[in-house]
Amino acid sequence: MRDSIKVILFCFLLVIPFLTLACSQIKDYPTDLEQLSEDERLVIRFSHVVGEDTPKGMAARKFAELIKERSNGRIEIQVFSNGTLYKDVEELDALLRGDIQLIAPAISKLTDLVPELSVYDLPYAFNSLEEVHEFTESEAGNRLKDLLKMHNLIALSLWDSGFKQISNDIRPIEHYQDLKGIRMRIMQSDILAQQYYIVDAFPRKIDFNTVFQSLKKGDIEGQENTLTNITSKNFYSLQKYLTISNHGYLGYFLLFNLDFWESLSDEDRELITETLHEVQEWQWQLAEDLNDRRLQEIEECQCIQIYYLSEEEKKEWEEHFTPVYHYYTQHYGDYYIQNLPKYKYVK
Ligand code: SIN
């Protein structure tokens, strides 16, 4: 009897550590995703309107890859580029409805919802991308992002497209007066419309994925965009003149549906936030490099006549656009303008 108790005790002592070790190892095994139920997997649908080879398209892919790798495949970010799932306004509506979970719209396209955001659209609001980043991280920038929360949206990151340039088919734009009478495509932003009213041009709000056709049909004669967008959508093949004006910023907020975001576990939120932070740094550099590269390619192809505004000319343009700043102040106050880096340090 005593012997059999000894044997049982011995087996027990041997088996317990073995089971503990085996269980801990099961946890560390790479997960076979086929075995994960729908409830265990997390799918995030991410819609955007530009091409894959743009600063936004490439960053979206990198973000999806990193999240997949870091979550051992448990979190899948499905990226739908080129407006294949939703176009400009549709994607915001789909996010608000909760049909998709993530978008990265141009900030200008959020200004119907939060008009104060159109401070980003003011002509020559920023002297450099560093100023844009500084403003976005400042108290004023955080206040702007908080306004999005009232609409059940949360902005977790800023991605650059870069500074916009002007192309058209009518005449070289060397002076702002040259814009007179030209039908220009703009994004959905009243401040962008004001910018063109001031120079007696005719702004038309047109969805990004329709611009090429509208240029081709002659509904519009010109447009403003970053070089990566102008080249990736081939706009320049339909235009005779390009002005390197750097007159306005085009960038994106990475926007989650807030209810969805709050439904995630702390660990998942931390993983996504940290990864986005890392991708943002990488994306800023990429946007700068790609725009430089595209300019070089356009110069080399000699397929469009290019005019470069001098620093002096840019100052003249900026001054001429002062009424647009007044328009903003009258409608949305002067707090955000006062906090633009270009004014902040002026005594
Ligand atoms: C984008 O870069 O997402 C599109 C910008 C535009 O509509 O011009």
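By the 4.0 Å N-to-carboxylate-O rule, Lys342 lies close enough to Glu318 to be salt-bridged with it. A salt bridge links Arg41 with Glu76: the distance from a Lys NZ or Arg NE/NH1/NH2 to an Asp or Glu carboxylate oxygen falls below 4.0 Å. The pair Lys149-Asp146 counts as a salt bridge, with a side-chain nitrogen and a carboxylate oxygen less than 4.0 angstrom apart. At a threshold of 4.0 Å, the pair Lys205-Asp112 does not count as salt-bridged, since none of the basic side-chain nitrogens sits closer than that to a carboxylate oxygen.
Considering only residues two or more places apart in sequence or on other chains, Tyr124 meets the side-chain hydrogen bond (donor to acceptor under 3.5 Å, both in side chains) condition with none of them. For Ser237, the side-chain hydrogen bond (donor to acceptor under 3.5 Å, both in side chains) criterion is met by no residue, not counting sequence neighbours. Under the rule for a ring-ring contact (aromatic ring centres under 6.0 Å, His included), Tyr252 has no partner lying at least two apart in sequence or in another chain. For His320, the ring-ring contact (aromatic ring centres under 6.0 Å, His included) criterion is met by Tyr176, not counting sequence neighbours. Under the side-chain hydrogen bond (donor to acceptor under 3.5 Å, both in side chains) criterion, Tyr249 pairs with Asp160, not counting sequence neighbours. Every residue two or more places apart in sequence or in another chain that forms a ring-ring contact (aromatic ring centres under 6.0 Å, His included) with Tyr327 is listed here: His331. By the side-chain hydrogen bond (donor to acceptor under 3.5 Å, both in side chains) test, Lys56 pairs with no residue at all, sequence neighbours left out. By the ring-ring contact (aromatic ring centres under 6.0 Å, His included) test, Phe163 pairs with no residue at all, sequence neighbours left out.
Side-chain contact annotation: Ser118 with Thr111, donor-acceptor N/O pair under 3.5 Å absent. Side chain to side chain, Asp289 and Gln285 meet the donor-acceptor criterion of an N or O pair below 3.5 Å. For the residue pair Asn246 / Gln165, a side-chain donor-acceptor distance below 3.5 Å is found, with atom types taken as modelled. In summary, the side chains of Thr329 and Asp334 do not present any donor paired with an acceptor at a separation below 3.5 Å, with no hydrogens or angles considered.
Residues Pro172 and Asp178 have side chains not in contact (no heavy-atom distance under 4.5 Å, counting atoms from C-beta outward). Using a 4.5 Å cut-off on side-chain heavy atoms (C-beta onward), Ile337 and Tyr325 make contact. Side-chain contact between Met184 and Glu221 is absent, with no heavy atoms from C-beta onward closer than 4.5 Å. With contacts defined as side-chain heavy-atom distances shorter than 4.5 Å, the pair His151/Val114 qualifies. With contacts defined as side-chain heavy-atom distances shorter than 4.5 Å, the pair Gln101/Ile77 does not qualify. A 4.5 Å side-chain heavy-atom check between Gln239 and Leu215 finds at least one atom pair inside the cut-off. Contact annotation: the side chain of Phe256 never approaches that of Leu95 to less than 4.5 Å [non-hydrogen atoms, C-beta and beyond]. Put simply, the side chain of Arg294 reaches to within 4.5 Å of the side chain of Leu290, judged on heavy atoms.
Residues Leu276 and Ser157 come closest through the heavy atom pair O-OG, 3.7 Å. Lys314 and Leu309 make their closest contact through CE-O, 3.8 Å (heavy atoms, listed as atom of the first residue, atom of the second, distance). Closest approach of Phe135 and Pro341 over heavy atoms only: CB-CD, 3.8 Å.
Taking a 6.0 Å sphere around CD of Glu281, one finds it holds more than 12 heavy atoms contributed by other residues, nucleotides or ligands.
Here salt bridge (charged side-chain N to carboxylate O under 4.0 Å, His left out) pairs that include residues 269-278, with residues two or more places apart or in two chains, are Arg70-Glu278, Asp266-Arg269. Identified under the ring pair (Phe, Tyr, Trp, His ring centres under 6.0 Å) test for residues 262-312, with sequence neighbours left out: His133-Trp284. Each salt bridge (charged side-chain N to carboxylate O under 4.0 Å, His left out) pair with one or both residues in residues 96-106, not counting sequence neighbours, appears once here: Arg97-Asp99. Legend: salt bridge (charged side-chain N to carboxylate O under 4.0 Å, His left out) pairs involving residues 77-94, not counting sequence neighbours, sorted by first then second residue: Asp88-Lys109.
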Practice prompt. Determine, stepwise, if the pair Asp268 / Arg74 fulfils side-chain contact (heavy atoms from CB on, under 4.5 Å).
Written response: CA-CA 10 Å; Asp268 286 349; Arg74 189 178 55 80; 2.6 Å; yes
Item to complete: Determine, stepwise, if the pair Thr136 / Phe253 fulfils side-chain contact (heavy atoms from CB on, under 4.5 Å).
Response: CA-CA 10 Å; Thr136 306; Phe253 277 150; 3.9 Å; yes
Discussion item. Run Tyr336 and Tyr328 through side-chain contact (heavy atoms from CB on, under 4.5 Å) and show every step you take.
Written reply: CA-CA 10 Å; Tyr336 296 107; Tyr328 182 98; 3.6 Å; yes
Worksheet item: Could you go step by step and tell me if Leu255 and Ile154 meet the side-chain contact (heavy atoms from CB on, under 4.5 Å) rule?
Response: CA-CA 5 Å; Leu255 282 186; Ile154 180 163; over 6 Å; no
Fill in: Chi angles and distances behind the side chain to side chain donor-acceptor pair (under 3.5 Å) call for Ser232, Asp53
CA-CA 7 Å; Ser232 74; Asp53 290 332; over 6 Å; no
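In this structure, CG on Asn168 lies 7.0 Å from OG1 on Thr243, to the nearest 0.5 angstrom. We find the CG-CD1 distance between Leu227 and Ile298 to be 5.0 Å, quoted to the nearest 0.5 Å. The CD atom of Gln280 lies 6.0 Å from the CG atom of Leu158; values are rounded to the nearest 0.5 Å. Atoms CD and CZ, on Gln223 and Arg204 in that order, are 15.0 Å from each other to the nearest 0.5 Å. Leu85 contributes atom CG, which lies 9.5 Å from atom CD of Gln78 (distance to the nearest 0.5 angstrom). We find the CD1-OG distance between Ile272 and Ser71 to be 9.0 Å, quoted to the nearest 0.5 Å.
Ring geometry for His48 versus Phe46: interplanar angle over 60°, hence perpendicular rather than tilted (30 to 60°). Relative ring orientation between Phe126 and Tyr120 is described as tilted, the plane-to-plane angle lying within the 30° to 60° band.
Here the side chain of Glu313 pairs a donor or acceptor atom with the backbone of Ser310 at under 3.5 angstrom. The backbone N or O of Leu271 sits less than 3.5 Å from a side-chain atom of Thr275, completing a donor-acceptor pair. At distances below 3.5 Å, not a single donor-acceptor pair connects side-chain atoms of Arg185 with backbone N or O atoms of Val211. At least one donor-acceptor pair closer than 3.5 Å links the side chain of Asn291 to the backbone N or O of Ser161.
Just one of Thr228, Asn225, Asn82 meets the side chain to side chain donor-acceptor pair (under 3.5 Å) condition when paired with Lys233; it is Asn82.
The side-chain tip of Arg171 does not point at the ring of Tyr241 from less than 6.0 angstrom away and within 45° of straight on.
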